[in-house]
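Heads up: the structure comes next, in structure tokens.
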Amino acid sequence: SEGSWVVPIAAARSSDVAFAILVSAPNVSPQSQAAWAFDDHLRRMGAPAGLRRAMLLALSMGEFNYSRHDPVPALAKLRQPVLALYGTHDRAIPVLQSARVLEQALPQGGGASTIRFFDGADHDLRDAAPGRRGHDAVYRHLHLRDRGRDAGLGWHVRQQAGRRRC
């Protein structure tokens with residue numbers, strides 16, 4: 001997921017990059033992502049609101065260059081098609097906010113982009129349901145849905161049709 005802060009920078013700088021696939025991409029600053037994850041975890045544990053506020057304040061006190069990285073400018077420069085994959089039970093990143101940021105940041109008229117949500121999948125795109133934890137939710141989803149309908153496997157092929165191959 002953290003590679004999703006780097007991939008758009010590299011892709012925007014190179015015409016040799018034909019497409020980008022972002023898996024569990026935060027699309028918010030590392031500081032915002034960490035604050036969201038800690039708050040979500042503490043809330044699920046039943047921690048008092050005062051403790052959650054104190055943790056968020058503590059996270060904002062440090063001054064690390066990477067913690068305030070803004071991924072939006074690099075995303076806005078992408079001209080390649082983007083496939084973004086998210087699990088609906090991801091507890092490490094703000095999934096809906098990240099997908100919204102991505103959708104708004106990608107250039108209009110740039111490469112065709114697809115955002116996919118895998119129901120029940122966690123941050124690693126593995127099944128988060130009790131009794132199924134650790135199973136590969138993406139491949140299960142693709143296997144079940146790839147009978148006569150596009151389940152995502154053909155995405156790369158369609159994006160590359162007619163493009164120069166390196």
Side-chain angles (χ1 to χ4, degrees), residues 1-38 40 59 62-128 134-166:
S1 63
E2 292 175 357
S4 298
W5 286 316
V6 178
V7 167
I9 295 169
R13 291 181 181 176
S14 175
S15 61
D16 291 333
V17 177
F19 62 93
I21 298 177
L22 307 176
V23 178
S24 301
N27 299 321
V28 296
S29 72
Q31 183 180 36
S32 295
Q33 184 269 327
W36 182 90
F38 280 122
D40 181 67
L59 282 171
E63 183 55 51
F64 303 102
N65 287 335
Y66 78 91
S67 72
R68 300 200 192 285
H69 169 70
D70 181 4
V72 172
L75 290 169
K77 291 178 185 173
L78 282 175
R79 297 293 177 253
Q80 299 89 339
V82 174
L83 173 61
L85 307 175
Y86 293 99
T88 60
H89 285 89
D90 190 332
R91 298 289 181 231
I93 66 166
V95 172
L96 294 178
Q97 179 185 3
S98 297
R100 251 184 255 119
V101 168
L102 179 64
E103 189 174 52
Q104 292 170 356
L106 290 175
Q108 300 301 320
S113 298
T114 302
I115 299 174
R116 273 269 159 104
F117 298 92
F118 291 92
D119 189 33
D122 63 13
H123 186 70
D124 296 326
L125 299 183
R126 298 209 175 260
D127 205 324
H135 288 80
D136 199 325
V138 173
Y139 290 114
R140 179 176 51 81
H141 175 83
L142 295 177
H143 176 72
L144 294 174
R145 308 247 347 240
D146 198 28
R147 295 201 172 96
R149 295 186 299 179
D150 175 33
L153 292 174
W155 183 87
H156 168 70
V157 174
R158 284 193 316 278
Q159 299 307 318
Q160 296 308 304
R163 290 187 71 138
R164 177 180 65 88
R165 296 203 184 253
C166 300

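What's counted below: heavy atoms across the whole structure, side chains too, no hydrogens, waters or symmetry copies. Numbers for residues simply follow the sequence, beginning at 1.
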Check: Are the side chain of Ser29 and the backbone of His69 linked by a donor-acceptor contact shorter than 3.5 Å?
Finding: no
Margin query: Could you tell me if the side chain of Leu102 sits less than 4.5 Å from the side chain of Leu75, heavy atoms only?
Written below: yes
Check: Any side-chain heavy atom of Asp90 sitting closer than 4.5 Å to one from Asp122?
Finding: no
Check: To the nearest 0.5 Å, how far apart are CG in Leu83 and CZ in Phe19?
Finding: 9.0 Å
Next item on the list: Would you give the length of the straight line joining atom CZ of Arg116 to atom CG of Leu125, rounded to the nearest 0.5 angstrom?
Entry: 12.0 Å
Check: Does Ala25 offer a backbone N or O that forms a donor-acceptor pair with the side chain of Tyr86 under 3.5 Å?
Finding: yes
Item checked: Reported CG-to-NE2 distance for the pair Asp127 and His89, which is rounded to 0.5 angstrom -> 9.0 Å
Next item on the list: Determine, stepwise, if the pair Leu85 / Phe118 fulfils side-chain contact (heavy atoms from CB on, under 4.5 Å).
Entry: CA-CA 7 Å; Leu85 307 175; Phe118 291 92; 3.6 Å; yes
Check: Any side-chain heavy atom of Trp5 within less than 4.5 Å of one from Leu22?
Finding: no
Next item on the list: Measure across Ala74 and Ala12 and return the closest heavy-atom pair with its distance rounded to 0.1 Å.
Entry: O-CB, 4.3 Å
Next item on the list: Supply the atom-to-atom distance Gln33 CD to Phe38 CZ, rounded to the nearest 0.5 angstrom.
Entry: 9.0 Å
Next item on the list: Taking all heavy atoms of Gly120 and all of Thr88, pick out the closest pair and write down the distance.
Entry: N-OG1, 2.7 Å
Item checked: Non-hydrogen atoms of Val95 and Gly87 that approach each other most closely -> CG2-O, 3.5 Å
Item checked: Close side-chain approach of Pro26 to Pro71, heavy-atom, < 4.5 Å -> no
Next item on the list: Measure from the side-chain N and O atoms of Gln80 to the backbone N and O of Ala11, and report whether any donor-acceptor pair falls under 3.5 Å.
Entry: yes
Note to self: Any side-chain to backbone donor/acceptor pair from Ser24 onto His123? Under 3.5 Å, distance only.
What the structure shows: yes
Check: More than 12 heavy atoms of other residues, nucleotides or ligands under 6.0 Å from CZ of Arg13: is that the case?
Finding: no
Check: How long is the span from the CD1 atom in Ile115 to the CZ atom in Arg100, to the nearest 0.5 Å?
Finding: 10.5 Å
Checklist line | Rounded distance [0.5 Å steps], CZ in Arg79 versus OG in Ser15 | finding: 13.5 Å
Next item on the list: Determine yes or no for a side-chain-to-main-chain donor-acceptor pair under 3.5 angstrom, with Ser98 supplying the side chain and Pro94 the backbone.
Entry: yes
